[in-house]
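Lettering of chains follows the sequences in order, A, B, ..., and the numbering in each one begins at 1. These numbers were taken from a predicted model, which means no experiment stands behind them.
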Amino acid sequence: MSGASNAAAMVAALSSAAAGFTALSLAMDRHWEALHGCGNVPRDGQRRLLRWAGSGGLLISLLVCLVVWGAAQGWVAWAGVLTASAFALVLTLCYAAHAIVRIGWAAAFVSVVALAAVLSLLR
Amino acid sequence: MKESLRQSMAWLHTWSGLLVGWVLFMVFSCGTASYFRDEITLWMKPELHQSSHAVVEQGVAAAQIQNLLQQRAPASPRWFITMPTGREPAVRASWAPPPSGEEGQPRGRRRFENASIDPLTGQELSAARATRGGDFFYRMHFDMHYMPVLWARWIVGICAMFMLVAIISGIVTHKRIFKDFFTFRPGKGQRSWLDAHNATAVLALPYHLMITYTGLVTLMFMYLPQGLGAVYKDSDAFFADLNGGPRVEAKASGLSAPLTPLAPLVAKGSQLWDGASVGRIMVSHAGDSAATVTLTQQDGHGVSNNLPSLTFDGVTGGLLTEADKSGAAVETRGVMYGLHIGRFASPLLRGLFFLSGLAGCAMVATGVLLWAVKERPKHVKANANGRIGFGLRLVDGLNLGGIAGLLIAMSVYFWANRLLPPGLGGRPDLEIHCFFTAWGIAAVAALAFPQRWMWRIQLAVAGVLFALLLPLNPLTGGAGLFTSVAQGLWPVAGFDLVSLLIGCGLLWASRGLGSAAKAPLKARLAKVAA
């Protein structure tokens, strides 16, 4: 395993988990309200979409960890990735809530680029 | 007791956490630092910052160190060689001195000699200053200091059991794990402390459970040693039995025969392990016809701490034995041990472990602080003149001395490493005395004045000391940040940058305490009372 593919995999896992957590947080009333104003709630369809997208992001980060680091180290790495990305999201929601959607999209974009890098490096 | 389960768990969580919180904070802080034990040690030996850091083929490194050992230690019964890694670029060797013939000399009392060489040139590296380096933090986190090791391990073991109880009762008592998952509301007094405690606990929960449980498992043979003592005369025999190692040390034959070159054996071992590198080499009775060479695999190819090993004949180079596959129980313990110390982890994964460890420190710190924050209004209400009771005052003092004081002590340890003269006798112990002296002074000051201004002073002192390690490094012979980044000396650059970050964080905290103090105290008390 080269250093470059290790780093690319870490970036991919962290960014897809961060994007996933962002979507999951927006599916919660409290964080949706912080963005869209008091009393505003996501429509049922929106909420479902956010939850599916969020779970998908977390699942992708798990797959990256398992494929790149193997089953034994992959689960350990995933736990660490979830912790780090959730902390990043908590700080963002606290200090830059207005930018949360943009940050979520940015994380998703970084994750796509890093996934492409991982795939090309693994081949 | 007519309380609900959740209420009784809340009681259990409060007291199991508070009683051992200060010890746990030390264990978490020193343990977290131990993830970068090798890097800390390298930083604390500035003499080694200049050596080459080229990656060298393992066979070359093995040949170089064999050359040196055959000149320096031909009669030694045992050589131990540590192969270079990305974290530690030098080849290190240590060897037992030749037996002096005195029988009954206690084992382990004989002084091992050691040397490290540049794997590329074979040149011996100038002797670095004597220091315990990062090993001090590693030992401190379960052996403590100034006390018998067994007692310390019992204390740490009991505290870890309290910790496990606190974690599990905390999960039961926390009603809103998922609702408050991403929530942190700063600037709201007790609410904010609780949010911070919840976030650091919940978001790193897998890590906290893992590290506490595996920590208990690593010390499991020490809790009730009487059973072992009844069957085995000494614990070495027990561990040899457990790990399937040789029980009796092979005797030298007395006939001399040249030692086989190590380089081909290293290549053979690596081939048998599907390309995994060799981490350690042990040579017994080099130059004797009964010589053996044992290779142990390098960390990083699994999670378990039980690393595979191979034993070769030291004269012919033939493969003698492959260490027996260990049983399921031993292997389970190996995996838990491996998870706890995380030596398998690549630098990035190690960074995640470090981050989770910091979350653990923050969880313990916010927990003990939260107790004081919750308790204070009761005291203020009971006493009109604002005097607080002994228990709260004691907890305040211990919080200050145990948290800010420890941070000061850790930074003073690094300063002592650089400021004490390199040739001083007993240097490693002096560095450690400096650590405890600084901690002692901070703790006395904290217990005498457990007030907000003392928090500001102590956090600021620790912050300044940590932040200024960056310029101190090049000023006292180490590689400065520009040099270390340019040369790719990441362990040193990383140490400097992380200390700068920690220092700035502490200074920021100290500043924040000042601005919060400006809000009139009475107004806040009125809000609490309302």
Side-chain angles (χ1 to χ4, degrees), chain A residues 1-14 17-18 20-35 51 54 58 61 64-65 68-97 100 104, chain B residues 35 55 86 176 178-188 192 195-196 198-211 214 275-276 299-304 331 334-335 338-340 342-360 362-363 488 490:
Chain A
M1 182 70 52
S2 74
S5 62
N6 243 327
M10 188 58 84
V11 172
L14 279 171
F21 272 140
T22 308
L24 285 177
S25 74
L26 287 175
M28 294 162 77
D29 286 344
R30 177 184 292 157
H31 304 298
W32 179 273
E33 268 183 7
L35 193 67
R51 285 197 177 139
L58 299 189
S61 79
V64 171
C65 291
V68 175
W69 291 296
Q73 294 188 16
W75 285 103
V76 180
W78 192 53
V81 162
L82 290 186
T83 299
S85 51
F87 275 124
L89 179 62
V90 168
L91 292 180
T92 315
L93 282 171
C94 176
Y95 294 105
I100 191 69
Chain B
Y35 285 127
V55 179
R176 303 158 60 91
F178 289 105
K179 272 199 172 151
D180 283 350
F181 202 79
F182 299 114
T183 304
F184 175 56
R185 288 158 288 191
K188 292 191 178 159
S192 307
D195 277 348
N198 285 343
T200 47
V202 170
L203 298 182
L205 187 61
Y207 173 84
H208 299 324
L209 275 172
M210 178 281 282
I211 210 73
T214 57
D299 300 296
H301 295 273
V303 169
S304 174
E331 190 50 33
V335 168
L339 270 175
H340 189 87
R343 286 195 78 84
F344 63 87
S346 63
L348 289 169
L349 186 51
R350 190 181 301 278
L352 293 181
F353 267 92
F354 184 73
L355 195 75
S356 304
L358 288 182
M363 170 183 69
W490 293 112

Colleague: Find out whether B:Phe344 and A:Val76 are in side-chain contact, i.e. whether some heavy atom of one side chain is under 4.5 Å from a heavy atom of the other.
Modeller: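 B:Phe344 reaches A:Val76 side chain to side chain.
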Colleague: B:His208 side chain to B:Thr200 main-chain N or O, any donor-acceptor pair under 3.5 Å?
Modeller: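 Judged by distance alone, yes, a pair lies under 3.5 Å.
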Colleague: One pair to check against side chain to side chain contact (heavy atoms under 4.5 Å, CB included): A:Leu58 and A:Leu82. What are the steps and the verdict?
Modeller: CA-CA 8 Å; A:Leu58 299 189; A:Leu82 290 186; 3.9 Å; yes
Colleague: Given that the side chain runs from C-beta out, which part of B:Tyr207 has a heavy atom under 4.5 Å from chain A: side chain, backbone, both or neither?
Modeller: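 Neither part.
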Colleague: For B:Ser304, which atoms come within 4.5 Å of any heavy atom of chain A: side chain, backbone, both, or neither?
Modeller: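 No part of it gets close to chain A.
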Colleague: If you tally heavy-atom pairs under 4.5 Å against chain B, which of A:Gly70, A:Ala79, A:Ser25 wins?
Modeller: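 So the answer, after comparing A:Gly70, A:Ala79, A:Ser25, is A:Ser25.
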Colleague: Which bit of B:Leu355 comes within less than 4.5 Å of chain A, counting heavy atoms only: side chain, backbone, both or neither?
Modeller: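 Answer is side chain: those atoms of B:Leu355 sit under 4.5 Å from chain A.
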Colleague: Against chain A, work out which of B:Pro186, B:Pro206, B:Ser346 has the most heavy-atom pairs shorter than 4.5 Å and name it.
Modeller: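 Answer, by heavy-atom pair count under 4.5 Å with chain A: B:Pro186.
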Colleague: Less than 4.5 Å apart, side chain to side chain, heavy atoms only: is that true for A:Ile100 and A:Leu89?
Modeller: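 A:Ile100 reaches A:Leu89 side chain to side chain.
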Colleague: Please check this pair: side chain of B:Arg185 against backbone of B:Asp195, looking for a donor-acceptor N/O pair closer than 3.5 Å.
Modeller: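 Flag not set: sc B:Arg185 to bb B:Asp195 has no pair under 3.5 Å.
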Colleague: So what's closer than 4.5 Å to chain B heavy atoms on A:Ala77: side chain, backbone, both or neither?
Modeller: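 Looking at A:Ala77, backbone and side chain both touch chain B.
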Colleague: Chain B heavy atoms under 4.5 Å from A:Tyr95: which part of the residue, side chain, backbone, both or neither?
Modeller: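 Looking at A:Tyr95, just its side chain touches chain B.
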Colleague: Can you say whether the rings of B:Phe181 and B:Phe178 are parallel (under 30°), tilted (30 to 60°) or perpendicular (over 60°)?
Modeller: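 Ring orientation, 0 to 90° scale: parallel.
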Colleague: Answer whether the closest heavy-atom distance between the side chains of A:Met10 and A:Val64 falls below 4.5 Å.
Modeller: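 Answer no - side chains too far apart.
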Colleague: Sort out for me which of B:Val335, B:Val303, B:Val202, B:Leu339 touches chain A most, counting heavy-atom pairs under 4.5 Å.
Modeller: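 Going by pairs under 4.5 Å, I would pick B:Val303.
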Colleague: For B:Leu205, is it the side chain, the backbone, both or neither that has a heavy atom under 4.5 Å from a heavy atom of chain A?
Modeller: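 When you check distances to chain A, no heavy atom of B:Leu205 falls under 4.5 Å.
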Colleague: Side chain, backbone, both or neither: which part of B:Asp180 has a non-hydrogen atom closer than 4.5 Å to chain A?
Modeller: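 For B:Asp180, backbone and side chain are both near chain A.
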